[in-house]
Amino acid sequence: MAEKKIKLPETEEGAVIFNVPFPEDLSQLKKMAPIIIKHHYEIDYIHSYGQDSPFFAGLANGKLLGTKCSKCGYTYGTPRLDCMECGGECDWIELPKEGYIHTFTICYYGSEEFLKETPFILILVEWPGVDTLFLSRLVGVDPKEASLDWVGMKVRAQFKRLSKFKPTDVYFVPAGKKNK
Amino acid sequence: MLPVYMISGGVSKFTKARPDVTFQRMVKEAYDYALKDIGLEPGRAFEIVDGTIASYFSDHFTRQLKAGSMVQDYLGLCPRPSKRIEGGGATGGLAFQSGWEAVASGRYDVCVVYGFETMSHVNTWKGNEFIALASDTNFDYPVGGFYSGYYAMMVVRHMKEFKTSVEQMALVSVKNHCNAFHNPYAQKRMKIKIEDVRNSEMVAWPLTMLDICTMSDGAAVAILASEKALEKYKLTDKPVKITGVGGGLDAMRMADRPHRDVILLPHEKAEDYKGLKYPGVHSFRAGRVASKEAYRMAGITNPLGDLDFIELHDAYTSSEIQTYEDMGLCRYGEGGRFVEAGKPFMPGIDYGYKFPEQGKIPVNPSGGLIACGHPVGATGIMQAVFAFWQLQGTIGKHFGNDFLQIKNARRGAIHSHAGTGTYVVVSILERGF
């Protein structure tokens, strides 16, 4: 019952048609099957990273940046310029290259944009002394060997040489011995 | 605040796709059902409805802005006032509470809350992309935005922290699909075993296809009324009173969730949670505060004993287990064992397993999101309608069979949840007759 049905994949190309059959008797119209058309939608956004921009500049220059509140000292593994703890303004700091896997998953499916990259591994990275985590990709492990033992694995940040100005400009690889 | 009652409800059959109708007519199906159930003619309804709340999540799915006003005119409710509510997966639950607010404040005496979603208008993976846009588009979405992946990471941490097992999660799927077998409104009605869940395709480790709800088209309607309207119009002799509402929020980025002390419910002690860092990514702090507020308002001090059933937001089997804990049905960390003991299963239904404590508090007697489907804007209202019928004792009338009717159900909770635990709302409903 739970097995995948055997069927051809549905695709979204089709014929262009400019007319359909039409009954003489209008009372038949309520029985008509729905007309389903393809509607293309595409858009380019002019997206500003705003106050988060230095993070992306950091990645392009091989630095992983977080922030630290100048008032209460709360430290963010994913940067935000204004502290959600005390409302103070944060300063930019460089995070250690090495951290630990707080949790992970392996995506065998994904959103359409990332479907071609499956299976890929998502991790949340933690650092001692840093109050919040950071979402990234892990490469260099075999998805088939996934186990809870991966939690706590020491990982090291690597950077793309040709920056795309996306958070994926940084990714993590195993860094050796396990932490806990 | 004035007392608020639910007096009727309706649900369209949730299904993968409804190409035969547009969203307006899908809502009308649910609306007409709700009117018919209390013998209210549409023309008369127009005379007594003071305003409406429109509930739908994604403008991307609809590809139609201001869809709410199009529903309003299709239902023949212009020029009555209306507003649209949106809050991710919790949209329906938030809209229901907005309806409550409108009546409790005295602004409306009769308020129609309608919700819908048309998710079939794009393929499943594009749909997942639209949903993933409900995560930080600077830091989270571009890394591989996929909600099943986010929830998988949350439950991996739950497994690590509390030894929750994939078999325990699979039991939630067994329960909800098997319950839905008796619910004609549900999208997926099937009797399955733990092995079926584990052998179905892996989506985001450790969650399989059968651990996860599906995309749906559907609509639901709840009609709320004041005490004054109840007496004046005499539309039902089986009203259900909304006795508690609560809500909470957490940081959009899972990475930002704090690691502190547990927020305690009245029946819990700080000693229960020595050394537990909370909520981290393993628990939903917003679900805890929403429960706490709703319980306080309804005078609930021991949810396990004080509630007869719960319809909760099981977009994932894992999040149902995590929600048992947030709602205080068991302690944090005990959710896996809670389902393993059979406590959230229906009494008297054969699931193919023997449980020591089956039927302690039925959770998702309708089949939940996993089996009923999750047309986002309709989902929370669907829960309200199923809870309403439970409390009226009219499940048999509406489902065509009595298997899922909880005997003498007097008080139930509905729970609606958005984006990895960002918006969460809990409402308490009680028999009002």
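Quick caveat: nothing in here was measured; it's all calculated off a predicted structure. The sequence lines fix the lettering, A, B, ..., with proteins before strands; numbering per chain opens at 1.
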task: Step through the shown structure and confirm whether more than 12 heavy atoms of other residues, nucleotides or ligands are within 6.0 Å of CG on A/Asp25.
output: yes
B/Lys66, NZ: over 12 other non-hydrogen atoms inside 6.0 angstrom: no
So does [X] pair up with [Y], basic N to acidic O under 4.0 Å?
X        : Y        : answer
B/Glu129 : B/Lys126 : yes
B/Arg260 : A/Glu85  : yes
B/Glu29  : B/Arg18  : yes
A/Glu12  : A/Lys38  : no

Is it the side chain or the backbone of [X] that comes within 4.5 Å of chain B heavy atoms, both, or neither?
X        : answer
A/Tyr74  : side chain
A/His39  : side chain
A/Tyr108 : both
A/Ser53  : neither
A/Met32  : neither
A/Phe104 : both
A/Ser136 : backbone
A/Glu10  : neither
A/Ile36  : side chain
A/Ile35  : neither
A/Leu115 : side chain
A/Pro143 : neither

Counting heavy-atom pairs under 4.5 Å with chain B, which one of [options] comes out on top?
options                                : answer
A/His47, A/Lys166, A/Glu117            : A/His47
A/Thr103, A/Thr118, A/Thr168, A/Ile123 : A/Thr103
A/Pro119, A/Cys107, A/Ala33, A/Pro79   : A/Pro79
A/Phe120, A/Phe55, A/Phe56, A/Tyr41    : A/Phe55

message: Quick check on B/Tyr141 against chain A: is it the side chain, the backbone, both or neither that has a heavy atom closer than 4.5 Å?
response: both
- prompt: Within the side chain of A/Thr75, is there an N or O that forms a donor-acceptor pair under 3.5 Å with the backbone of A/Gly73?
  reply: yes
- prompt: Counting only N and O atoms by type, is there a donor-acceptor contact under 3.5 Å from the side chain of B/Asp250 to the main-chain atoms of B/Thr422?
  reply: no
Just give me the residue among [options] that pairs up with chain A most often, heavy atom to heavy atom, under 4.5 Å.
options                                : answer
B/Val21, B/Asn128, B/Asp136, B/Asn138  : B/Asn138
B/Met159, B/Met209, B/Met153           : B/Met153
B/His282, B/Met254, B/His259, B/Met202 : B/Met202
B/Pro142, B/Gly127, B/Gly149           : B/Pro142
B/Val122, B/Asp256, B/Val155, B/Asp20  : B/Asp256

field: 4.5 Å side-chain heavy-atom contact, B/Val156 and A/Val151
entry: yes
message: With a 4.5 Å cut-off on side-chain heavy atoms, are A/Tyr100 and A/Pro128 touching?
response: yes
field: B/Gln187-B/Thr15 side chain donor-acceptor pair, cut-off 3.5 Å
entry: no
message: Is the distance between the ring centroids of B/Tyr278 and B/Tyr332 under 6.0 Å?
response: yes
field: Result of checking B/Ile192, B/Thr208, B/Ile212 against B/Ser200 for side chain to side chain contact (heavy atoms under 4.5 Å, CB included)
entry: B/Thr208
